[in-house]
Amino acid sequence: MATKIDKEACRRAYNLVRDDSTGVNWVTFKYDGSTIIPGHNGVDYEEFIGQCTDDIRLFGFIRFTTGDTMSKRVKFALITWIGENVSGLQRAKTGTDKTLVKEVVQNFAKEFVISDHKELDEDYIKGELKKAGGANYDAQAE
């Protein structure tokens with residue numbers, strides 16, 4: 001059965017993270033049968049990591065504040081989480097299903113596909129976003 005996405009519900013969840021006034025910093029998009037729907041959302045990145053268990057696959061849209069001493073800015077990441085215990089067929093399908101998610105989640109600085117909890121490290125993700133962000137003025141302060 002082909003995967004579908006609840007675009008309107010997912011768009012509302014996506015916009016919660018993008019809206020500076022909500023305080024929501026992350027949202028997950030999960031599978032409900034063969035339909036992708038919004039999952040949980042929250043403020044703390046550690047809460048997001050808690051959603052990434054070994055037996056599921058999900059998509060996360062996360063807000064990070066990055067930058068350097070001269071300039072702070074908000075960057076967004078799209079994380080595809082595939083747990084270690086997810087079957088090979090589901091792993092393969094996740095790649096094609098991500099195109100459905102990207103119809104809703106269109107603005108992000110960097111995309112990650114992660115299966116190892118170590119790669120969910122906040123400093124690692126922020127470092128990658130900082131690299132993707134262009135100019136780095138920290139070097140001038142040294």
Quick check: does any side chain N or O of Arg91 sit under 3.5 Å from a backbone N or O of Gly83, one acting as donor and the other as acceptor?
yes
Return yes if some donor-acceptor pair links the side-chain N/O of Asn15 with the main-chain N/O of Arg11 below 3.5 Å, else return no.
yes
Under a 4.5 Å cut-off applied to non-hydrogen side-chain atoms, are Val104 and Ile5 in contact?
yes
Heavy atoms only: give me the nearest Lys93-Thr3 pair and the separation to one decimal.
NZ-OG1, 2.7 Å
Quiz question: by atom type and distance under 3.5 Å, do the side chains of Ser34 and Lys4 form a donor-acceptor pair?
no
Heavy-atom distance under 4.5 Å between the side chains of Phe48 and Val43, does that happen here?
no
Spell out, as yes or no, whether a donor-acceptor pair under 3.5 Å connects the side chain of Arg73 to the backbone of Thr65.
no
Counting only N and O atoms by type, is there a donor-acceptor contact under 3.5 Å from the side chain of Thr22 to the main-chain atoms of Val24?
yes
Atom NE2 in His40, atom CD in Gln51: separation rounded to 0.5 Å?
5.0 Å
Contact check, side chains of Asn41 and Leu16, non-hydrogen atoms, under 4.5 Å
yes
Are Tyr14 and Tyr31 co-members of a hydrophobic cluster defined by side-chain heavy atoms under 4.5 Å apart?
yes
Given 3.5 Å as the limit, does a donor-acceptor pair link the side chain of Asp116 with the main chain of Lys118, or not?
yes
Lys130 side, atom NZ; Ile125 side, atom CD1 - distance, nearest 0.5 Å:
15.5 Å
Side chains of Trp81 and Ile56, heavy atoms from C-beta outward: is any pair under 4.5 Å?
yes
Are Arg57 and Lys30 close enough that some pair of their side-chain heavy atoms sits under 4.5 Å apart?
no
Can you give me the closest heavy-atom contact between Phe76 and Asn107, atom names plus distance?
CB-O, 3.9 Å
Quick check: is Val86 connected to Ile37 through a chain of hydrophobic side chains (ILVMFWY, heavy atoms under 4.5 Å apart)?
no
Passing candidate, side-chain contact (heavy atoms from CB on, under 4.5 Å) with Ser115, options Thr80, Ile82, Asp54
Ile82
Find the distance between CZ (Phe59) and CG (Leu78) and round it off to the nearest 0.5 Å.
8.0 Å
Measure the shortest side-chain to side-chain distance between Ile36 and Val101 over non-hydrogen atoms and say whether it is less than 4.5 angstrom.
yes
Measure from NZ or CZ of Lys126 to the centre of the six-membered ring of Tyr124 and say whether it is under 6.0 Å with the direction within 45° of the ring axis.
no
What's the verdict on ring-ring contact (aromatic ring centres under 6.0 Å, His included) for Tyr45 and Phe64, showing C-alpha distance, side-chain angles and the deciding distance?
CA-CA 9 Å; Tyr45 182 69; Phe64 291 97; 5.2 Å; yes
Rounded to the nearest 0.5 Å, what's the gap from CZ on Phe112 to CD1 on Ile79? Could you check?
6.5 Å
Shortest non-hydrogen contact between Leu129 and Lys110, atoms and distance:
CD2-CB, 3.7 Å
Closest approach of Leu120 to Ile49 (non-hydrogen atoms, all atoms of both residues):
O-CD1, 3.8 Å
Of all the heavy-atom pairs spanning Phe29 and Pro38, show the shortest one and how long it is.
CD2-CA, 4.1 Å
Separation of Gln106 CD from Lys102 NZ (nearest 0.5 Å)
11.0 Å
About how many Å separate CD of Glu84 and OG1 of Thr53, when rounded to the nearest 0.5 Å?
11.0 Å
Carboxylate-amine/guanidinium contact Arg63 Asp20, below 4.0 Å
yes
Heavy-atom closest contact (Lys75 atom, Ala109 atom, distance)
CD-CB, 3.9 Å
